[in-house]
K.L.:
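First, the structure itself, so that you have it in front of you.
Chain A is the first sequence line, chain B the second, and so forth, proteins listed ahead of strands; every chain is numbered from 1.
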Protein chains: 2
Amino acid sequence: MKDLVSRCPIEEGMQVLGGRWPTLLIYYLKDGTKRFSDLRRDNPTVSHRILTLELRKLEKAGIVRRTSHEGYPLKVEYDLTPAGLTLVPLIDAIGDWWEGLHPDADVDGAEKQSAA
Amino acid sequence: MKDLVSRCPIEEGMQVLGGRWPTLLIYYLKDGTKRFSDLRRDNPTVSHRILTLELRKLEKAGIVRRTSHEGYPLKVEYDLTPAGLTLVPLIDAIGDWWEGLHPDADVDGAEKQSAA
DNA sequence: AGTAAATTACGAACATTTTTGTAACCGCGG
DNA sequence: CCGCGGTTACAAAAATGTTCGTAATTTACT
C-alpha cells in the first residue's frame, strides 16, 4: 500500500488499520499494557522487524503509545491511547458484521463436524 | 496478506476490506449500480486486472453483486448487496474516527498555509 | 571469580514472498 | 479498429522474513 489515491479519511484510516497485524495488535493491547517481547510471544508469526514497524506506524497514527524505560535490562511498554480505545468498538463492529454475514463458516477448513 | 493467523472475524473481515481498493469501490458503488468500465474510470489508478480481482473478492465475500448481461456489447453491472450496504456505515465510522483523530491534517504535504 | 551466553528492544542489510502492474489476447458488434 | 469485460503470461514493485549486530545487565557454567 504505497500511497493514497484520495484524501478520503476512510482510505487514510484503512491504510493504517488495513494489514494483518494492526487489528491483532490492537486486540492484544486492549488487555492492557504490554512489553515488546510480550507482543512477540502473543503472535509469534510476525517477525520482530515487522512488529516494530507496525507498532511505530500505530504510534505515529496516535493509536498506541510507546513508553521507553531508562534502565537495563531494556523495557519498552506499549498501550492504547484514548483514541486507540475508541477505535476498538469500531473494529469490533466490523467483526460482528462479518460474523453475521458468514456465520461460523470456517475459512480454513478445520472442524468439519458441526452437528455431532 | 497470504493467510490468516487467527479465526477472529475481525481479521477475516479486514482481509477482505484491508487493501486500498475495497473501501474505495464500496464507496463508488454506494451511489448505485456501476458498470465495470465506470469503475475503471472512477479510479483510473487501479489496473483493470486488480479491479477485476478486487471485485471478485468482494463478490465472493458477499459485499457486491455482479450481474452479467447477455447481449453484445458486453455489459456487466456491479452493485452492493444488502450486506454491503450495512457495511457502509461501519467504514464510515472508521472514517469519522480518523478524521476526529487527525483533524484536517493533510498527510500528503499539500496546502501548507493554514492561518493566512 | 571470570567468562560466555541469554535477555531486552531494536536497526540495517539482504533474501524471499506476495502483490500489483503491463501487455497481449479473446470473441463480437458498431 | 476500437470498446466491452475479461483472462493469461510475464515483469516490476512492495511487503515481509532472516540474519547479524548493538549496549548493558543478569544468569549459567566451570
Side-chain angles (χ1 to χ4, degrees), chain A residues 1-6 11-12 14-25 28-29 32-61 64-79 107-108, chain B residues 1-6 11-12 14-25 28-29 32-61 64-79 107-108:
Chain A
M1 225 178 300
K2 196 54 196 308
D3 51 348
L4 298 164
V5 300
S6 72
E11 200 193 339
E12 294 173 15
M14 290 303 282
Q15 187 170 26
V16 174
L17 303 174
R20 175 149 72 262
W21 309 118
T23 48
L24 264 303
L25 293 178
Y28 283 117
L29 290 174
T33 298
K34 297 254 187 174
R35 300 183 56 174
F36 184 79
S37 47
D38 292 333
L39 291 169
R40 286 223 47 171
R41 274 184 284 270
D42 281 338
N43 23 250
T45 49
V46 63
S47 65
H48 76 277
R49 194 175 81 91
I50 296 303
L51 181 56
T52 308
L53 262 38
E54 294 290 319
L55 286 171
R56 293 257 194 279
K57 188 174 68 176
L58 292 174
E59 187 196 2
K60 216 169 59 175
V64 310
R65 181 180 47 156
R66 193 180 97 102
T67 313
S68 180
H69 297 271
E70 279 294 322
Y72 278 90
L74 294 175
K75 184 175 178 182
V76 179
E77 289 184 319
Y78 294 90
D79 59 348
V107 268
D108 208 18
Chain B
M1 226 178 298
K2 197 55 198 306
D3 51 348
L4 299 164
V5 300
S6 71
E11 202 193 337
E12 293 173 16
M14 291 304 282
Q15 186 169 27
V16 174
L17 303 175
R20 175 150 71 259
W21 309 118
T23 48
L24 264 302
L25 293 178
Y28 282 117
L29 290 174
T33 299
K34 297 256 187 174
R35 299 183 57 173
F36 183 80
S37 47
D38 292 333
L39 291 169
R40 287 225 48 183
R41 274 184 284 270
D42 282 338
N43 22 251
T45 49
V46 63
S47 65
H48 71 277
R49 194 175 82 91
I50 296 302
L51 181 56
T52 309
L53 261 38
E54 294 290 318
L55 251 14
R56 294 256 194 278
K57 187 174 68 176
L58 292 174
E59 187 196 2
K60 215 169 59 174
V64 310
R65 181 180 48 157
R66 194 180 97 103
T67 312
S68 180
H69 296 271
E70 279 294 322
Y72 278 90
L74 295 175
K75 184 175 180 183
V76 179
E77 289 183 320
Y78 293 90
D79 59 348
V107 269
D108 207 18

K.L.:
Test B/L51 against B/W21 for side-chain contact (heavy atoms from CB on, under 4.5 Å), laying out the working first.
P.N.:
CA-CA 8 Å; B/L51 181 56; B/W21 309 118; over 6 Å; no

K.L.:
Send over the distance from B/W21 CH2 to D/dA14 C1', rounded to a whole Å.
P.N.:
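The distance from CH2 of B/W21 to C1' of D/dA14 comes to 14 Å, rounded to the nearest Å.
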
K.L.:
Determine, stepwise, if the pair A/Q15 / A/E12 fulfils side-chain contact (heavy atoms from CB on, under 4.5 Å).
P.N.:
CA-CA 5 Å; A/Q15 187 170 26; A/E12 294 173 15; 5.6 Å; no

K.L.:
At how many degrees, to 10°, do the end axes of the helix from C/dA1-D/dT30 to C/dG30-D/dC1 meet when each uses five pairs?
P.N.:
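Nearest ten degrees gives 30° for this helix.
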
K.L.:
Is a donor-acceptor pair below 3.5 Å formed from side chain B/H48 to base D/dT7, judging by atom type as modelled?
P.N.:
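In this structure, the two groups form a donor-acceptor pair.
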
K.L.:
Hey, are A/K34 and A/D42 close enough for a salt bridge, meaning a charged N less than 4.0 Å from a carboxylate O?
P.N.:
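Looking at A/K34 and A/D42, the cut-off is met.
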
K.L.:
D/dG17 C1' sits how many Å from A/I50 CD1, rounded?
P.N.:
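It works out to 7 Å between those atoms.
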
K.L.:
Please find the earliest and latest nucleotides of DNA chain C, in the 5' to 3' direction, that have an atom within less than 4.0 Å of any heavy atom of chain A.
P.N.:
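Terminal contacting nucleotides, 5' to 3': C/dT8 to C/dA13.
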
K.L.:
For B/R40, does the CZ atom have more than 12 heavy-atom neighbours from other residues, nucleotides or ligands under 6.0 Å away?
P.N.:
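Above 12, so yes.
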
K.L.:
Salt bridge check: are A/D38 and A/R35 linked by an N-O gap of less than 4.0 Å?
P.N.:
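Salt bridge between A/D38 and A/R35, a charged N being under 4.0 Å from a carboxylate O: no.
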
K.L.:
How is A/S47 classified with respect to the nucleic acid when contacts are heavy atoms under 4.0 Å: base, sugar-phosphate, or nothing?
P.N.:
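The residue A/S47 makes base contact.
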
K.L.:
Given A/F36 and A/H48, is the side-chain contact (heavy atoms from CB on, under 4.5 Å) satisfied, shown in steps?
P.N.:
CA-CA 9 Å; A/F36 184 79; A/H48 76 277; 4.2 Å; yes

K.L.:
In a check of side chain to side chain contact (heavy atoms under 4.5 Å, CB included) between B/Y78 and each of B/L25, B/L58, B/T33, B/L29, which one passes?
P.N.:
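With B/Y78 as partner, B/L25, B/L58, B/T33, B/L29 yield a single side chain to side chain contact (heavy atoms under 4.5 Å, CB included), made by B/L29.
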
K.L.:
Output the residues of residues 70-78 of chain B in contact with DNA chain C, where contact means a heavy atom of the residue under 4.0 Å from an atom of the strand; sort by number or write none.
P.N.:
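Per residue number, the list reads B/Y72, B/L74.
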
K.L.:
Do A/V76 and A/H69 come close enough that some side-chain heavy atom pair is under 4.5 Å?
P.N.:
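Contact flag for A/V76/A/H69 side chains = no.
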
K.L.:
For D/dT16, does the base pair up with any side-chain atom of A/R49 as donor and acceptor (N or O, under 3.5 Å, distance only)?
P.N.:
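Check passes, donor-acceptor contact within cut-off.
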
K.L.:
Output the rounded distance in Å from CZ (B/R40) to C1' (D/dC4).
P.N.:
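Checked: the CZ to C1' distance equals 12 Å.
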
K.L.:
Examine D/dG5: is either OP1 or OP2 under 4.0 Å from a nitrogen or oxygen in the side chain of B/R35? Give yes or no.
P.N.:
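B/R35 to D/dG5 OP1/OP2: side-chain N or O found under 4.0 Å.
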
K.L.:
Rounding to an integer number of Å, can you tell me how far B/L55 CG sits from D/dG5 P?
P.N.:
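After rounding, the gap between these two atoms is 11 Å.
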
K.L.:
Please determine whether side-chain contact (heavy atoms from CB on, under 4.5 Å) holds for the pair A/R56 and A/E54, giving the CA-CA distance in whole Å, both sets of side-chain angles, and the decisive distance to 0.1 Å.
P.N.:
CA-CA 5 Å; A/R56 293 257 194 279; A/E54 294 290 319; over 6 Å; no

K.L.:
Answer yes or no: is there a side-chain heavy-atom contact under 4.5 Å between A/R65 and A/T67?
P.N.:
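A/R65 vs A/T67: side chains touch.
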
K.L.:
How close do B/A61 and B/V16 get, counting heavy atoms only, and between which atoms?
P.N.:
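Minimum heavy-atom separation between B/A61 and B/V16: CB-CG1, 3.8 Å.
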
K.L.:
What nucleic acid atoms does A/R20 come within less than 4.0 Å of, heavy atoms only: base, sugar-phosphate, or nothing?
P.N.:
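The residue A/R20 makes no contact with any strand.
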
K.L.:
Measure from CD on B/E59 to P on D/dG5 and round the result to the nearest Å.
P.N.:
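In whole Å, D/dG5 P lies 15 Å from B/E59 CD.
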
